[in-house]
Amino acid sequence: MAVCFAKHGYKVVGIDTDQHLLAKLREGQPPFHEPNLQGYLADGLKNKNFTVTDDPSMNSMSDIAFITVGTPSQANGQIDLSYVVSASKMIGHSLRSARHYQLVVVKSTVAPGTARNVVKPVIDRESNKAYNLDYSVCSNPEFLREGRAIYDSENPDRIIIGSDDHAAIERLEKFYQTLYSNTMPTVIRTTFENAELTKYANNAFLATKVSFINCIASIAERIPHTDVNSIASAIGLDARIGPHFLNAGLGWGGSCLPKDLHSLLNLSENLGYRAELIAATDETNRQQAEKAVEFAKQALGALADKRVAILGLAFKPETDDMREAVSVRVINRMLGEGASVSVSDPLATENAKRIFGDRITYAANVDECIEGADCCILVTEWPEFKKLNGEAFVRKMRTPTVVDGRRLYDPKEFKKAGVKLFAVGVGPEGSESENR
Ligand code: UGA
């Protein structure tokens, strides 16, 4: 978001306490992989529209302060607000010396009530300034996807702005209008709490949609001549359902969907309501990852001393992020069963080394990964894995058994090539191409 604002001519200063992060950014090194980010960062640094600092007083010069700190999950699912509180304190403190109005925008994902009951009072106490006159607070949740962060920042579907100060909402809307001009999306002006709950509802709905199709996939696996891909494309044509987020697989991961779902569950339980649908969405997701182990056992029996190849470590393609990745659960289960594991991923290997150390083997490419393996599990749908045909597995594996955890491969082609294929959502004799 920061480098996109800088790209559009705004002077953006990023404030953080992490010296290592600041040093990397100053050198033009993004701390994670994101398409086009490096170029945007380089441009911002070069034309000095984007600078970074650990000096909190720099905040007092800006017109708008975005709070973008993390809100990690605690063991009970409740979010840890300590970073939001310290950022609010810092903003409040810096506002003491400010000579002009500042709009404070909460971008971080927070529980309903946080902007009103935490951010506002903390800034009020620390700044000694007048709300509405010297500063205001808006809640403005973020909906960008990892792997599409730059694109989504520049092309948002909608903008949600919540506040108790109408003038503040207008100011923020005006800022976005200048940024997006003729591609300005719909703006929803609402309360703090609606904006905050919208963010959770959005992610919970996406997770539920995926768990729903995964539930249909599990039913399809028990019915001959079925294929979840065919069912997903058919129901996706119903305008009320829509085609997105209907890709069946080993489940959803990442730093957002799991965390936000658990926060929503915790939140609703604290309010005296058990959100059964959300709990079932989560439980269905837990079962999906387990499916990889079940398929492998169906094919090989006991997994002790078997060689298992894992294609894909990142929680989804176009990122190196392995937070809450399905691959981590699958690998841990395989190691627990006594299997030896080799892995391949175009971007996430360095992150995997930090998690698994020397407990698994890191292959340089697909061929090296599947060489001599008894079973291969496709976990992340990277384009290079999608291209593989049955023959590629037969050539290299000891026993060509493939678990298609993202429903990428053509069951007929794989069968013909001599691969024993287990695919999420494909019934015993299933192939969508039967009637073509
Ligand atoms: C998600 C939301 O999509 C963003 O709108 C939101 O801003 C972000 O969380 C956040 O809260 O910060 P992201 O975590 O980047 O974005 O990932 P998604 O693209 O939503 O994918 C999440 C998981 O669902 C991945 O593991 C993906 O493989 C899985 N998925 C997605 C499926 O299994 N099937 C699908 O059809 C779609």
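The basis for the numbers below is simple: all heavy atoms, side chains too, and nothing from hydrogens, waters or symmetry mates. Being a predicted model, the structure only gives us computed values, none of them experimental. Numbering of ligands and ligand atoms starts at 1, following listing order.
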Sequence-distant partners of Glu173, salt bridge (Lys or Arg N to Asp or Glu O under 4.0 Å), two or more places apart: Arg189

Test item: Glu413 and Asn389 side chains (from C-beta on) under 4.5 Å apart, heavy atoms: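 Glu413 reaches Asn389 side chain to side chain.
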
Output field: ring centroids Phe5/Phe66 closer than 6.0 Å: yes

First-shell residues of ligand 1 [heavy atom, distance under 4.0 Å]: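 Close residues (ligand 1, cut-off 4.0 Å): Glu142, Phe143, Leu144, Arg145, Glu146, Lys199, Asn203, Leu206, Val210, Phe245, Leu246, Asn247, Gly251, Trp252, Gly253, Cys256, Leu257, Asp260, Phe315, Lys316, Arg406.
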
Salt bridge (Lys or Arg N to Asp or Glu O under 4.0 Å) between Arg333 and Glu337, worked out: CA-CA 6 Å; Arg333 287 284 285 115; Glu337 295 283 335; 3.2 Å; yes

Residue pairs, two or more places apart or on separate chains, that pass salt bridge (charged side-chain N to carboxylate O under 4.0 Å, His left out) and touch residues 338-349: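 Of all non-adjacent pairs touching residues 338-349, none passes salt bridge (charged side-chain N to carboxylate O under 4.0 Å, His left out).
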
ring-ring contact (aromatic ring centres under 6.0 Å, His included) against Phe50, all qualifying residues, sequence neighbours excluded: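 Testing Phe50 for ring-ring contact (aromatic ring centres under 6.0 Å, His included), a comparison that skips the adjacent residues, returns none.
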
